[in-house]
Peer 1: 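Mind looking over this structure? Questions follow.
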Amino acid sequence: MNSAKLNRSLIACLLAGVAALAPMAAPALAPAFAQTSAQRSFSANDLPDVLLMGDVDPALRKAQAIVNGDVITDTDIDQRLGLVVAANGGRIDDAERQRLRLQIVRNLIDEKLQMQEAAENDIRINEAEVTRSFERIAQNFKRTPKVFEDYLHTSGSSANSLKGQIRAELAWSRVLRRKVEPMVNVGDDEVQQVIDKLNAAKGKDEYHVGEIFLSATPETLDAVMEDAARITGQIRGGASFVAYARQFSEASTAGLGGDLGWVRAEQLNDKVAPAVATLQPGQISDPIPVTGGVAIMSMLERRQVLAADPTLALLSLKQLTIPLQANTTEVQAREKVAEIQLATRGMGGCGGVEAVAKKIGGEVATNDAIRMKDLPAPLQAILGKLSIGEATPAFGSAEEGLRVLVLCGRDDSQIEAKAPNFDEIYAQMNDERVNMRARRYLRDLRRDAIVDYR
């Protein structure tokens with residue numbers, strides 16, 4: 001798996017106000033409190049006005065967990081939660097927020113353990129590295145670092161929360177590089193076997209996929225499957241796969257939003273490959289039990305092994321747009337769609353588009369140089385099957401009107417996908433084995449840790 005592991009998401013903020021009564025009360029209270037419970041009881045009416053000797057601080061934050069002496073506060077948790085919610089456009093209900101909090105606590109505990117192990121091995125992270133990573137993430141959000149900081153603040157998070165996560169990821173990466181990678185071996189013959197399989201698979205499908213991996217033991221598998229099913233449901237409901245991968249995935253691709261890159265079936269787990277093969281771009285799999293845990297896969301793109309990439313085809317299109325009246329009913333819209341479909345079927349190719357537009361009250365626009373990959377995935381699937389001169393079904397909305405694309409020309413890419421690279425396959429196999437050992441390493445740290453939940 002790709003080893004470039006960096007950024008991720010954010011979370012934090014549980015309000016915990018604590019009113020501190022001074023050890024000294026008003027003089028009139030002393031006799032009442034001095035008596036034993038056997039003498040008499042008292043009610044609120046018996047109490048005089050109380051003078052608070054300490055301040056009530058509504059911003060006071062409480063410890064939620066102490067990991068080998070290092071504190072995790074409710075602020076840490078809420079600020080991480082804030083970014084996850086923001087990344088999903090706020091579309092998270094209260095029950096899901098609570099479940100996210102529990103997962104975030106587990107993640108923060110792991111981060112503390114990773115930072116402690118780094119310190120134990122005298123690994124220090126230069127703040128300049130953290131800052132550069134933060135700036136790259138800001139750039140991904142198309143914001144300057146200052147504007148990105150403000151964005152995090154308004155989302156209920158903070159720059160410090162994200163930088164803390166970046167720092168932990170960098171530190172853990174250095175620990176693995178020093179203590180785990182030297183123990184991992186990938187033989188040249190193993191790499192060559194994969195290359196031979198890939199060459200033999202020329203013309204078959206390959207996939208650009210994303211992954212979320214949740215570790216599990218036989219004892220915890222059922223619970224982890226339930227968590228994975230919940231995550232799948234959230235993503236299918238519109239939540240961000242990238243945000244969930246960054247926060248919850250335990251694979252090395254988590255920092256990349258789960259992006260595994262282009263892979264062939266031969267490079268995937270035997271249980272994962274059949275599930276991935278059934279996915280279309282934009283779809284995600286059901287949770288898949290695999291060795292050591294559970295996987296959720298996302299299909300980003302697909303193409304054929306060592307063949308010209310059809311998504312690079314250059315298309316010449318005409319777009320026919322038919323506006324709809326504001327008061328158009330669904331029945332009227334369906335009738336209009338049927339009229340458009342009948343007209344475009346018999347228009348005789350691109351040369352007849354203008355005549356059809358005039359007949360049904362539409363407008364025509366032309367684009368002679370658009371890449372297939374730049375179109376929405378559903379349109380790619382339709383246009384890929386069309387012959388020159390054929391039209392797509394009508395699509396659109398009441399606000400934007402109905403549209404039809406007519407395929408006037410297609411120049412297929414002559415660039416074949418590059419042959420499998422020895423170093424790339426070696427790196428992927430090496431990363432998979434490092435990840436497996438890293439999960440065992442972290443499991444041992446959890447087992448030996450003293451965690452005090454508050």
Side-chain angles (χ1 to χ4, degrees), residues 1-11 65 67-72 76 80 83 104-140 145 158-186 211-215 245-261 292-293 423-424 426-451:
M1 311 208 178
N2 298 334
S3 59
K5 190 173 187 294
L6 244 301
N7 30 55
R8 250 193 247 193
S9 40
L10 329 334
I11 315 167
V67 185
N68 294 332
D70 287 345
V71 175
I72 297 172
D76 300 326
R80 288 288 181 87
L83 193 59
I104 286 160
V105 171
R106 291 194 286 268
N107 292 351
L108 288 170
I109 289 172
D110 285 348
E111 283 185 22
K112 291 294 184 186
L113 295 174
Q114 290 166 349
M115 290 297 294
Q116 290 166 2
E117 186 67 8
E120 183 71 19
N121 287 276
D122 199 29
I123 293 172
R124 302 288 183 269
I125 302 301
N126 190 310
E127 284 305 305
E129 292 182 72
V130 177
T131 300
R132 285 195 295 272
S133 296
F134 181 85
E135 290 172 350
R136 281 195 293 271
I137 296 173
Q139 190 174 16
N140 291 341
S158 72
N160 286 339
S161 178
L162 178 54
K163 287 180 178 180
Q165 185 167 355
I166 292 170
R167 192 176 295 110
E169 290 173 355
L170 288 170
W172 185 239
S173 177
R174 303 279 170 80
V175 170
L176 297 181
R177 195 178 307 160
R178 179 181 297 183
K179 302 199 68 177
V180 174
E181 287 190 21
M183 309 297 294
V184 171
N185 292 307
V186 177
E211 62 174 346
I212 295 175
F213 177 81
L214 308 175
S215 64
R246 282 178 173 157
Q247 187 57 49
F248 301 128
S249 179
E250 296 175 56
S252 64
T253 55
L256 302 173
D259 192 343
L260 189 58
D423 291 337
E424 289 177 356
Y426 177 92
Q428 183 185 10
M429 296 177 70
N430 187 74
D431 286 347
E432 289 174 350
R433 296 179 187 185
V434 168
N435 284 339
M436 186 174 298
R437 285 178 175 263
R439 290 193 290 271
R440 294 174 187 161
Y441 194 166
L442 187 56
R443 181 193 62 199
D444 292 341
L445 293 177
R446 291 172 184 150
R447 181 193 61 204
D448 296 335
I450 299 174
V451 181

Peer 1: Starting at CD of Q114, measure out to CG of L176 and round the result to the nearest 0.5 Å.
Peer 2: 8.0 Å

Peer 1: Is there a side-chain contact between Y441 and V175 (heavy atoms, below 4.5 Å)?
Peer 2: yes

Peer 1: Report yes if some heavy atom in the side chain of D110 is under 4.5 Å from a heavy atom in the side chain of W172; otherwise report no.
Peer 2: no

Peer 1: How many angstroms lie between atom CG of N160 and atom CG of L162, to the nearest 0.5 angstrom?
Peer 2: 9.5 Å

Peer 1: Kindly determine whether R443 and R440 satisfy side-chain contact (heavy atoms from CB on, under 4.5 Å), including the steps that lead there.
Peer 2: CA-CA 5 Å; R443 181 193 62 199; R440 294 174 187 161; 3.9 Å; yes

Peer 1: How long is the straight-line distance from OG of S215 back to CZ of R439, given to the nearest 0.5 Å?
Peer 2: 7.0 Å

Peer 1: With rounding to the nearest 0.5 Å, note down the distance linking CE in M115 to CG in L170.
Peer 2: 9.5 Å

Peer 1: Considering non-hydrogen atoms only, spot the tightest contact between N107 and F248 and give its length.
Peer 2: ND2-CD2, 3.7 Å

Peer 1: Just do the side-chain contact (heavy atoms from CB on, under 4.5 Å) check on V67 and Q116 with the steps written out, would you?
Peer 2: CA-CA 10 Å; V67 185; Q116 290 166 2; 4.3 Å; yes

Peer 1: Could you check whether any side-chain heavy atom of R177 comes within less than 4.5 Å of a side-chain heavy atom of R174, counting everything from C-beta outward?
Peer 2: yes

Peer 1: Would you call E117-R178 a salt bridge at under 4.0 Å N-O?
Peer 2: no

Peer 1: Counting neighbours of CD on E135 that are heavy atoms of other residues, nucleotides or ligands and sit closer than 6.0 Å, is the number greater than 12?
Peer 2: yes

Peer 1: If you look at every heavy atom in K179 and N121, which pair is closest and at what distance?
Peer 2: CD-OD1, 3.3 Å

Peer 1: Using a 3.5 Å distance criterion without hydrogens, assess whether the side chain of T253 forms a donor-acceptor pair with backbone atoms of L256.
Peer 2: no

Peer 1: Hey, could you give me the CD1/CD distance between I137 and Q165, rounded to the nearest 0.5 Å?
Peer 2: 8.0 Å

Peer 1: Is there a side-chain contact between E129 and N126 in this structure, where contact means two heavy atoms from C-beta onward sitting under 4.5 Å apart?
Peer 2: yes

Peer 1: Is it true that, when you exclude E120 itself, more than 12 heavy atoms of the residues, nucleotides or ligands shown sit nearer than 6.0 Å to its CD?
Peer 2: no

Peer 1: I would like to know whether L113 and N68 meet side-chain contact (heavy atoms from CB on, under 4.5 Å); could you show each step before the answer?
Peer 2: CA-CA 8 Å; L113 295 174; N68 294 332; 3.7 Å; yes

Peer 1: Taking side chain as C-beta onward, heavy atoms only, is I109 less than 4.5 Å from V451?
Peer 2: yes

Peer 1: Indicate whether any N or O donor in one side chain lies under 3.5 Å from an N or O acceptor in the other, for S249 and E211.
Peer 2: no

Peer 1: Before giving the answer on side-chain contact (heavy atoms from CB on, under 4.5 Å), spell out for E111 and R167 the whole-Å C-alpha distance, their side-chain angles and the decisive distance to 0.1 Å.
Peer 2: CA-CA 9 Å; E111 283 185 22; R167 192 176 295 110; over 6 Å; no

Peer 1: On a heavy-atom basis, which atom in F134 and which in P145 lie closest, and how many Å separate them?
Peer 2: CE2-O, 4.0 Å

Peer 1: State the OG-CD1 distance between S173 and I125, to the nearest 0.5 angstrom.
Peer 2: 8.0 Å

Peer 1: For the pair N435 (side chain) and D431 (backbone), establish whether a donor and an acceptor sit closer than 3.5 Å, ignoring hydrogens and angles.
Peer 2: yes

Peer 1: Return the minimal non-hydrogen interatomic distance between A245 and G258, and the atom names on each side.
Peer 2: CB-N, 3.7 Å

